[in-house]
Amino acid sequence: MKNTVVVGAQFGDEGKAKITDLLAQNADFITRFQGGSNAGHTVVVNNKKYAFHLIPSGILYENKICMIGAGCVIKPDDFKKEIEDIVAKGVEKSHFEKYLKVSPLAHVTMKYHTDIDGYSESSLKENKIGTTKKGIGPTYTDKYARSGIRVEDLFNKDILSKKLDVILPKKNRELEFVYNLKPYTKEQIMAECEEYREIFEPYVDFDWQENLLKFKQQGSILFEGAQGVMLDVDYGTYPYVTSSNPIAGGAGVGASMGPVTIDRAIGVFKAYMTRVGEGAFITELSDEEGEKLRTIGGEFGVTTGRPRRCGWFDAVSAKYSVLVGGLTEVALTKLDVLDSFNEIKVAIAYKNKITGETVKKYPTNVYTHGDYEPVWEVHKGWNTDITKCKTYDELPLEAKNYLKRLEELLGIRITIISVGPDREQTIFVD
Ligand code: GDP
Ligand code: IMO
Ligand code: MG
């Protein structure tokens with residue numbers, strides 16, 4: 001298999017984990033490159049459901065190294081719980097110790113990061129981002145302010161102590177005077193870090209340079225995306241975004257591989273669209289059709305349990321995702337969710353409600369999105385159960401027409417079609 005990056009191409013939750021798990025069969029090394037436990041990734045194997053947040057979705061195989069890369073941020077108690085939850089489902093703890101690796105360069109989400117995330121969200125009131133409250137924004141803020149704690153710091157008490165002498169007084173002033181939150185003593189943070197060191201110890205890959213070189217030279221690498229292009233901090237619906245780069249370009253940086261290592265960038269799109277959290281969503285449906293998509297699609301967040309907002313496929317933003325996400329092909333998921341709709345809509349342009357102007361170019365300033373309404377193209381539904389289709393030819397004509405039209409609108413090929421959550425419910429298009 002060529003080196004491949006799997007990228008969420010909408011607002012996250014597109015079914016990336018299912019696609020990653022499938023492609024992981026033919027990979028030697030699977031790596032997350034950004035984000036943290038804000039991600040909720042579901043893999044279904046033989047009707048058994050696994051939820052991943054930080055751990056790459058390829059972990060269920062034998063003999064594949066799964067890495068949480070340098071570009072990720074890790075909340076240690078979430079990491080610990082995730083392993084415990086999967087062990088409770090029957091995977092041996094020794095399996096993780098053998099195959100799961102953590103980059104020493106990844107940043108650690110401290111308790112004060114989650115304190116700040118929670119406070120910021122509640123103080124923003126109606127302007128809140130709707131974050132997962134996993135401390136993502138505050139951890140990345142400290143990373144870029146050069147005040148973060150990396151996994152490797154936990155393993156050297158002297159260095160950690162010196163770093164804290166610089167970081168903590170500043171952080172405490174921020175906690176007290178900006179957020180009106182409780183400060184931490186150095187002893188508290190040292191004790192917290194000791195707890196985290198123990199959590200990470202079996203997994204930290206201090207030999208990562210040799211290992212990366214080995215996989216780069218002779219292995220097949222799969223980069224697992226989290227979140228989605230429209231949540232990208234540079235290209236998404238800013239400020240209603242996450243604090244990292246889910247686009248394909250983020251993979252070279254966050255997994256320390258460089259841009260030319262990647263041969264394919266698979267953009268995962270749902271056959272419709274969902275979003276959790278706040279922010280514009282031009283094709284959102286607030287009627288019974290939206291409710292029907294939510295019910296049939298089981299659209300509730302894996303990480304927070306929040307109901308996902310639902311709407312029809314937005315080809316304007318999708319085309320933009322192909323461009324800025326650096327996508328080379330499409331995996332289209334949850335096509336089966338549309339099985340019982342008589343009509344399926346796609347937004348092919350936006351109409352400005354004030355000027356009457358129709359635009360096909362994605363407007364990047366979200367504060368203007370309230371001015372737009374979708375220009376719909378209506379497709380005939382297929383009203384057939386497609387969950388058992390194994391080949392493209394078996395799909396009903398109306399489904400094929402829908403797929404052809406999406407390809408035409410996006411300008412790249414749909415190479416994978418998903419017709420159910422299970423590994424088996426997948427059509428690979430030649
Ligand atoms: P991710 O964050 O992109 O990995 O996606 P999530 O796991 O958050 O959400 C996708 C949901 O859709 C999960 O419950 C999957 O099991 C489910 N899923 C994935 N592909 C399909 C599909 O083709 N059909 C149906 N019905 N469900 C799917
Ligand atoms: P996966 O990998 C869907 C959203 C949050 C919020 C915004 C910022 O499962 O697709 P954050 O906690 O990152 O600061 O929240 O981003 N968000 C996701 N939405 N799927 C995800 O991950 C998400 N990760 C973050 O809901 O709107
Ligand atoms: Mg998800």
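One-based numbering, in listed order, for ligands and for the atoms of each. Any value given below was found using the heavy atoms of this structure, including those in side chains, with hydrogens, waters and symmetry copies removed. One is the number of the first residue; the rest follow in order along the sequence.
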Would you confirm whether Asp314, through its side chain, and Val316, through its main-chain N or O, come within 3.5 Å as a donor-acceptor pair?
yes
Using a 3.5 Å distance criterion without hydrogens, assess whether the side chain of Glu121 forms a donor-acceptor pair with backbone atoms of Ile129.
yes
Could you label the plane-to-plane angle of the [X] and [Y] rings as parallel, tilted or perpendicular, counting under 30° as parallel and over 60° as perpendicular?
X      : Y      : value
Phe52  : Tyr50  : parallel
Phe223 : Phe33  : perpendicular
His379 : Tyr402 : perpendicular

Quick test of your reading of the model: are [X] and [Y] salt-bridged, counting only N-O distances below 4.0 Å?
X      : Y      : value
Glu408 : Arg405 : yes
Glu174 : Lys171 : yes
Glu291 : Arg294 : yes

If you measure only the distance, is there a donor-acceptor pair under 3.5 Å linking the side chains of Lys18 and Thr426?
yes
Just checking, any donor-acceptor pair under 3.5 angstrom between side chains of Asp393 and Thr391?
no
Are any of the N/O atoms in [X] less than 3.5 Å from those in ligand 1?
X      : result
Gly15  : yes
Lys334 : yes
Val302 : no
Ala17  : yes
Gly40  : yes

Heavy atoms only, cut-off 4.0 Å: how does [X] contact ligand 1, side chain, backbone, both, or neither?
X      : answer
Val419 : backbone
Arg308 : side chain
Asp13  : both

In order of chain and number, which residues sit within 4.0 Å of ligand 2 by heavy atom?
Phe11, Gly12, Asp13, Lys16, Asn38, Ala39, Gly40, His41, Ile129, Gly130, Thr131, Thr132, Ile136, Ala226, Gln227, Leu231, Val241, Thr242, Val276, Gly277, Arg306
Near the Mg ion (ligand 3), which protein N/O/S atoms are found at less than 2.8 Å?
Asp13 OD1, Gly40 O
Please say whether more than 12 non-hydrogen atoms of neighbouring residues, nucleotides or ligands are located less than 6.0 Å from [atom1] in [X].
X      : atom1 : result
Lys390 : NZ    : yes
Lys400 : NZ    : yes
Glu84  : CD    : yes
Asn365 : CG    : yes

Can you tell me which residue and heavy atom of the protein come closest to atom 7 (O) of ligand 1, and the distance to 0.1 Å?
Thr42 OG1, 2.6 Å
Look at atom 24 (N) of ligand 1 and say which protein heavy atom is nearest, naming residue and atom and giving the distance to 0.1 Å.
Asp336 OD1, 2.8 Å
[X] neighbourhood, listing ligand 1 atoms whose heavy-atom distance to it stays under 4.0 Å:
X      : result
Ser418 : 20 (N), 21 (C), 22 (C), 23 (O)
Lys16  : 1 (P), 2 (O), 3 (O), 4 (O)
Lys18  : 20 (N)

Are the aromatic rings of His95 and Tyr61 close, with centres under 6.0 Å apart?
no
Quick check: Phe200 with Phe79 (ring centres under 6.0 Å apart)?
yes
Within the structure provided, determine whether Val233 and Tyr238 are in side-chain contact (heavy-atom separation under 4.5 Å).
yes
With the threshold set at under 4.0 angstrom, would you say Gly420 reaches ligand 1 through any of its heavy atoms?
yes
Would His53 count as a contact residue for ligand 1, given that I'm defining contact as a non-hydrogen atom of the residue lying under 4.0 Å from a ligand atom?
no
